[in-house]
Asks: 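Mind having a look at this structure? Questions to follow.
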Amino acid sequence: MTLKFAVFGDSIAYGQGASATADTVAQRLSADLTAHDLPNEVRVFAVPGAQSRDLPAQVDRGLAWRPRLALIIIGANDLTRFVPPEQAAAQLAAAVRRLRAAGAEVVVAPAPDLSVVPWVPPQMRAVVRAGSRVLHDAQSRAVLAEGARVADFGMSSSAGFVVDPGLFSADRFHPSSAGYAVIAGALAGTVREAATAAR
């Protein structure tokens, strides 16, 4: 059975900054599943610039395809636009609830630690890190309550981005192909677990 694998969220879910489609999170994770005897077809419904409030439209399109496995990467744009954390988390939880009700296993990658982004001034990093953590934790609580799995690249893998500028693309905000390899590596184990459950 070929597993239908849907990817929702923002520019990171979409793969903005990768130099080839094969380097995006979606394609890397799809290849990883295939390598682990979990044949799948991946489709990306993510939209660059999306906030949590934009998930309903993505989920509408995705549910028409009837995926059995879903990945949501969201939070960076909620942070940059100062969306209240509980509001963003509730919007994300609603998307998870719909996907779960339709029978999909869901993995969520919550807000990344935006303090590692090169253009954040050093004196602002602690504040940005704290804000990122508040949203990350609110999202994690909300989606676990809805039966999703949390795959953390935002807080745990960010250290690599601090020391290696090559993990960012030319815009110094989105990951490069090398950055996407780090992110996909952080998510792969949880996505495999969910895929196994979805079968």
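Quick note: residue numbers are just sequence positions, from 1.
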Asks: What's the shortest heavy-atom distance between D10 and A50, and which atoms?
Replies: CB-O, 3.6 Å
Asks: Which value, rounded to the nearest 0.5 Å, describes the distance between I72 atom CD1 and Q58 atom CD?
Replies: 8.5 Å
Asks: Apply side-chain hydrogen bond (donor to acceptor under 3.5 Å, both in side chains) to E105 and list each qualifying residue two or more places apart in sequence or on a separate chain.
Replies: R149
Asks: On a heavy-atom basis, which atom in G75 and which in P112 lie closest, and how many Å separate them?
Replies: C-CD, 4.5 Å
Asks: L187 vs L71, test: side-chain contact (heavy atoms from CB on, under 4.5 Å). Steps then yes/no.
Replies: CA-CA 10 Å; L187 303 184; L71 170 66; 4.3 Å; yes
Asks: Roughly how far, to the nearest 0.5 Å, is CG of L92 from CD of Q87?
Replies: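 It comes to 12.5 Å.
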Asks: Is it the case that atom CZ in R66 sees more than 12 heavy atoms from other parts of the structure closer than 6.0 Å?
Replies: no
Asks: Check the hydrophobic clustering (I, L, V, M, F, W, Y; side-chain heavy atoms under 4.5 Å; chains of links allowed) and say if L167 and W119 are grouped together.
Replies: yes
Asks: Just checking F45: does its CZ atom have more than 12 heavy atoms from other residues, nucleotides or ligands closer to it than 6.0 angstrom?
Replies: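 More than 12 within 6.0 Å, yes.
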Asks: Treating Ile, Leu, Val, Met, Phe, Trp and Tyr as nodes and any side-chain heavy-atom pair under 4.5 angstrom as an edge, say whether Y14 and L55 lie in one connected cluster.
Replies: no
Asks: Can you tell me how far the OG atom of S30 sits from the CG atom of L3, to the nearest 0.5 Å?
Replies: 9.5 Å
Asks: Any donor-acceptor pair under 3.5 Å linking the side chain of R28 with the backbone of D23?
Replies: yes
Asks: State, yes or no, whether a side-chain contact exists between F168 and S176 at a heavy-atom distance under 4.5 Å.
Replies: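 Not in contact.
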Asks: I'd like to know if E146 and R141 make a salt bridge, using a cut-off of under 4.0 Å between side-chain N and carboxylate O.
Replies: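 No, E146 and R141 are not salt-bridged.
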Asks: Can you spot which of N40, V42, L33 makes a side chain to side chain contact (heavy atoms under 4.5 Å, CB included) with L69?
Replies: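 The passing option is L33.
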Asks: Does R199 form a side-chain contact (heavy atoms from CB on, under 4.5 Å) with L38? I'd like the steps, not just the answer.
Replies: CA-CA 9 Å; R199 292 183 79 188; L38 292 160; 3.2 Å; yes
Asks: Would a distance-only check, ignoring hydrogens and angles, find a side-chain to backbone donor-acceptor pair under 3.5 Å from S132 to L114?
Replies: yes
Asks: Do Q51 and V83 pass the side-chain contact (heavy atoms from CB on, under 4.5 Å) test, and can you show the C-alpha distance, the side-chain angles, and the key distance before you say yes or no?
Replies: CA-CA 9 Å; Q51 298 168 236; V83 177; 3.3 Å; yes
Asks: Just verifying a value: how many Å separate S52 OG and N77 CG, rounded to the nearest 0.5 Å?
Replies: 9.0 Å
Asks: How long is the gap from OG1 on T34 to CZ on F5, to the nearest 0.5 Å?
Replies: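 Rounded to the nearest 0.5 Å, the OG1-CZ separation comes out at 10.5 Å.
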Asks: Is any NZ, NE, NH1 or NH2 atom of the basic residue among D113 and R133 found under 4.0 Å from an Asp or Glu carboxylate oxygen of the other?
Replies: no
Asks: Specify the closest pair of heavy atoms between D54 and G49, including all atoms of both residues, with the distance to one decimal.
Replies: OD2-O, 4.3 Å
Asks: Can you find a heavy atom in the side chain of I12 that is under 4.5 Å from one in the side chain of Y180?
Replies: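 Yes, side chains in contact.
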Asks: With a 4.5 Å limit on heavy-atom distance, are the side chains of V47 and R61 in contact?
Replies: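 Yes, their side chains come closer than 4.5 Å.
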Asks: Count I, L, V, M, F, W, Y as connected when their side-chain heavy atoms are under 4.5 Å apart, and connections chain through other members. Are V108 and V191 then in the same cluster?
Replies: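 No, because V108 and V191 fall into different hydrophobic clusters, even though each may have its own neighbours under 4.5 Å.
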Asks: Under 6.0 Å from the CZ atom of R125, do we count more than 12 heavy atoms belonging to anything else shown?
Replies: yes
Asks: Let me check something: do I74 and V134 share a hydrophobic cluster, defined by ILVMFWY side-chain heavy atoms less than 4.5 Å apart, either directly or through other members?
Replies: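 No: no chain of side-chain contacts under 4.5 Å links I74 to V134.
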Asks: On a heavy-atom basis, which atom in G147 and which in R100 lie closest, and how many Å separate them?
Replies: O-NE, 3.3 Å
Asks: With a 4.5 Å cut-off on side-chain heavy atoms, are R98 and D60 touching?
Replies: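 Side-chain contact under 4.5 Å: yes.
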Asks: To the nearest 0.5 Å, what is the distance between CG (D32) and CG (L29)?
Replies: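 Here the interatomic distance stands at 6.5 Å.
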Asks: Are K4 and E41 within salt-bridge range, i.e. N to O under 4.0 Å?
Replies: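 Not counted as a salt bridge, because no side-chain N and carboxylate O are separated by less than 4.0 Å.
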Asks: Give a yes or no on whether a salt bridge exists between D78 and R53, defined as a side-chain N under 4.0 angstrom from a carboxylate O.
Replies: no
Asks: Determine the minimum heavy-atom distance between L135 and A88, stating which atoms define it.
Replies: CD1-CB, 3.9 Å
Asks: If you look at every heavy atom in S177 and A20, which pair is closest and at what distance?
Replies: OG-N, 4.2 Å
Asks: Does any N or O in the side chain of Q139 come within less than 3.5 Å of the main-chain N or O of A93, such that one atom is a donor and the other an acceptor?
Replies: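 Pair absent, no side-chain N/O of Q139 close to backbone of A93.
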Asks: Check the pair V96, L99 against side-chain contact (heavy atoms from CB on, under 4.5 Å), reporting the backbone distance first and the verdict last.
Replies: CA-CA 5 Å; V96 170; L99 290 162; 5.7 Å; no
Asks: May I ask you to check whether S169 and H174 show a side-chain donor-acceptor distance below 3.5 Å?
Replies: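 S169 vs H174: no donor-acceptor pair found between side chains.
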Asks: Cluster question for you: counting only ILVMFWY and a side-chain heavy-atom cut-off of under 4.5 Å, with indirect links fine, are W65 and V59 together?
Replies: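 The answer is yes; both residues are in one hydrophobic cluster.
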